[in-house]
Structures are given as C-alpha cells and as structure tokens.
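Step one of this worksheet: look at the structure below.
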Amino acid sequence: MPPARRPTKTSSRTNRPTRSRAGEHKTAQSLDPVALLAHQLRTPLSTISALAQGLERRAERLSAKDVRSRAETIWRASLRLEELIDMILSYTRVGAGSMLLNPREFNPEALIRRICREQISHKPDHPMTLDMRGLPDAMVGDPILLEQALVIVLSNAIKYSPPEHPIAVRARAVPNGIVVQVKDEGIGISDLDLPFLMQPFFRGRNTKDFPGTGLGLSLAWHILRLHGGGLEIHSREGHGTTVTLTIPHKNVTGAAGMF
C-alpha cells in the first residue's frame with residue numbers, strides 16, 4: 001500500500017507563483033477583474049429585483065408563508081451584496097496603501113463566539129463546533145478588521161463544504177497572542193492552486209460552480225499581516241482545508257501595502 005499523502009501547506013511566505021506554474025494559470029489570471037466584480041454584484045441584485053417585482057405583482061395571491069420566504073431570500077441577497085461591497089472597498093483601501101489599524105481593546109472570545117453565531121444563523125443546517133481555551137480577557141487590535149478576516153475564512157469553509165460536514169473552530173492562547181483554526185471537510189484545494197491563493201482575483205480550478213471574487217483570502221491575509229500576525233493554509237483536494245490565523249496580543253500601528 002502506498003504511503004498516505006501529506007497535506008500541503010501554504011502561508012504568507014509562499015504566495016508567489018513559481019516560474020514553471022505561471023503559464024498554467026494564465027487563463028484564470030487574465031480574467032478582467034472589473035467584469036468579474038460586475039458579475040458578482042449583478043447576481044444578488046437580479047435576485048432582489050426579480051423577487052421584489054414578483055411580490056408587487058402577486059401580493060394579493062401570496063400567503064403569509066410565501067411572503068416570508070421571498071422576504072428571507074431578498075434579505076440574504078442583500079447581505080451578499082453588502083459583503084461584496086465591503087470587500088471591494090477594503091480591497092481598494094489596501095491597494096491604495098490606506099488601510100490603517102483603528103486599535104482598541106477587545107475580548108477575543110466574545111468576538112469569535114459572536115462571529116460564529118452570526119455565520120451559523122445564515123446557514124443553520126451547517127454543523128459547527130467551537131472549542132476555545134485559555135484565551136486572554138483582552139487584546140489590542142482592530143476588532144472590525146479582524147472580524148472581517150475571520151468572517152471571510154468561516155464563510156469560505158461553509159461555502160465549500162457540504163451541509164452535513166461539520167466545521168471545527170478552535171482557538172488557543174500562544175505566548176505572543178492567540179491562534180484560531182478553522183477546519184472544514186469540503187472540496188479542498190489542489191497542489192497546483194495553493195501557491196496562488198493569496199493573489200487577488202485568483203480562484204481555484206474546482207470552485208467554478210461556487211460564487212466568489214477571489215479577493216477574500218488575499219484580503220484576510222493582509223489584515224492579519226497588518227496586525228503583525230499571519231494566515232496559513234493546509235489543504236488536500238477532496239479532503240478539506242484548515243486555515244490558521246495568528247493574532248498578536250497587541251498591535252497598535254501598521255499599514256497594508258499593495259497586493
């Protein structure tokens with residue numbers, strides 16, 4: 001029996017494409033980013049428009065249950081639209097070198113619990129376990145940016161995993177801060193795609209049937225780097241992904257550079 005294949009790892013130090021692989025991704029990287037963003041924005045807008053028009057035309061014939069169902073779909077589409085706009089604005093700020101920390105004291109356990117609770121509320125049929133031990137009562141950083149980074153990682157885990165497969169969130173204190181791991185049992189990432197994940201607009205070849213802009217992980221990595229931390233990815237295609245976020249106890253300065 002051949003030996004088991006070891007998971008592949010990528011980190012902030014391995015996000016640049018090698019010369020031999022660059023040609024393999026020419027097609028994916030040559031996509032017009034503006035066209036990609038326009039397409040992603042159009043999808044939730046079309047959903048909102050179509051359902052709103054349907055409600056207007058058939059309001060008298062719809063039951064209260066039908067109205068609630070359509071209203072929930074509109075609400076979820078508006079959340080997706082808001083998420084895309086926030087990501088585009090953040091990407092623009094990083095590209096301009098103007099993403100700065102707004103540091104203040106926050107409770108990391110409360111922050112992580114709230115983010116997990118909100119993500120599950122959007123996908124209640126998706127199981128998630130949360131294991132936190134020994135976290136400090138207070139840290140100093142930008143909780144809004146850190147929330148954005150963790151939401152990106154969690155939403156990816158949910159999006160690329162079947163509903164019946166659990167997602168495990170684990171947080172631990174380390175000597176200089178905390179480490180948060182998000183582990184899923186989803187589609188995973190191929191060895192060929194791993195070195196390119198931190199590049200803006202890059203998407204893995206097995207994600208074509210999933211919505212996305214390819215900005216999320218790149219943005220999350222820059223947010224962690226801005227805090228003096230890091231983001232690492234271990235993955236095997238078809239066997240899931242583990243994303244590790246390292247957050248220092250205290251970071252009160254920093255500016256993100258260009259992508």
Side-chain angles (χ1 to χ4, degrees), residues 9-18 22 25 28-29 31 33-34 36-37 40-41 82-104 106 108 111-112 115 119 139-160 169 171 174 176-182 189 193-204 207 211-235 241-259:
K9 170 184 173 182
T10 187
S11 72
S12 59
R13 295 181 295 277
T14 60
N15 68 310
R16 295 186 180 276
T18 60
H25 293 269
Q29 294 299 82
L31 293 174
V34 176
L36 177 63
L37 289 175
Q40 292 295 325
L41 289 168
E82 184 179 9
E83 174 189 325
L84 287 168
I85 291 171
D86 286 345
M87 192 172 296
I88 293 167
L89 290 174
S90 296
Y91 166 73
T92 304
R93 289 166 58 200
V94 172
S98 60
M99 178 178 277
L100 302 174
L101 290 179
N102 181 20
R104 61 178 183 270
F106 67 95
L111 181 72
I112 295 168
I115 294 170
Q119 289 299 302
M139 298 176 64
V140 176
D142 191 323
I144 294 176
L145 290 181
L146 290 172
E147 176 177 350
Q148 187 172 18
L150 186 52
V151 165
I152 288 168
V153 173
L154 275 173
S155 62
N156 276 354
I158 293 172
K159 177 166 60 175
Y160 296 121
V169 180
V174 293
N176 296 317
I178 68 170
V179 168
V180 182
Q181 287 187 331
V182 178
I189 303 160
D193 290 336
L194 273 169
F196 300 87
L197 287 180
M198 304 306 178
Q199 293 184 1
F201 299 107
F202 178 80
R203 304 198 70 214
T207 64
T213 62
L215 288 177
L217 283 177
S218 181
L219 179 58
W221 175 69
H222 277 273
I223 290 172
L224 270 297
R225 189 182 70 167
L226 185 63
H227 280 80
L231 184 150
E232 295 184 348
I233 300 174
H234 297 253
S235 189
T241 300
T242 299
V243 181
T244 302
L245 302 89
T246 303
I247 308 170
H249 273 306
K250 185 175 182 180
N251 192 306
V252 295
T253 61
M258 295 291 288
F259 277 111

What is the distance from atom [atom1] of [X] to atom [atom2] of [Y], rounded to the nearest 0.5 Å?
| X | Y | atom1 | atom2 | value |
| --- | --- | --- | --- | --- |
| Ile247 | Leu231 | CD1 | CG | 10.0 Å |
| Leu145 | Leu226 | CG | CG | 6.5 Å |
| Gln148 | Ile115 | CD | CD1 | 10.5 Å |
| Leu194 | His234 | CG | NE2 | 10.0 Å |

Can you find a heavy atom in the side chain of [X] that is under 4.5 Å from one in the side chain of [Y]?
| X | Y | result |
| --- | --- | --- |
| Val140 | Pro103 | yes |
| Asn156 | Val243 | no |
| Leu111 | Met139 | no |
| Ile223 | Glu147 | no |
| Ile233 | Met198 | yes |
| Val182 | Leu150 | yes |

Taking every non-hydrogen atom, the tightest pair across Gly141 and Phe106 = N-CE2, 3.6 Å
Set of residues satisfying side chain to side chain donor-acceptor pair (under 3.5 Å) with respect to Gln119, sequence neighbours excluded = none
query = By side chain to side chain donor-acceptor pair (under 3.5 Å), which residues pair with Ser155, not counting sequence neighbours?
reply =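 Per chain and number, Ser155 pairs via side chain to side chain donor-acceptor pair (under 3.5 Å) with no residue.
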request  = With sequence neighbours excluded, tell me which residues meet side chain to side chain contact (heavy atoms under 4.5 Å, CB included) with Val179.
outcome  =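 Per chain and number, Val179 pairs via side chain to side chain contact (heavy atoms under 4.5 Å, CB included) with Val174, Gln181, Thr244, Thr246.
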Check: Asp142 side chain, Asn102 main-chain N or O, donor-acceptor pair, under 3.5 Å =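 Checked: pair present.
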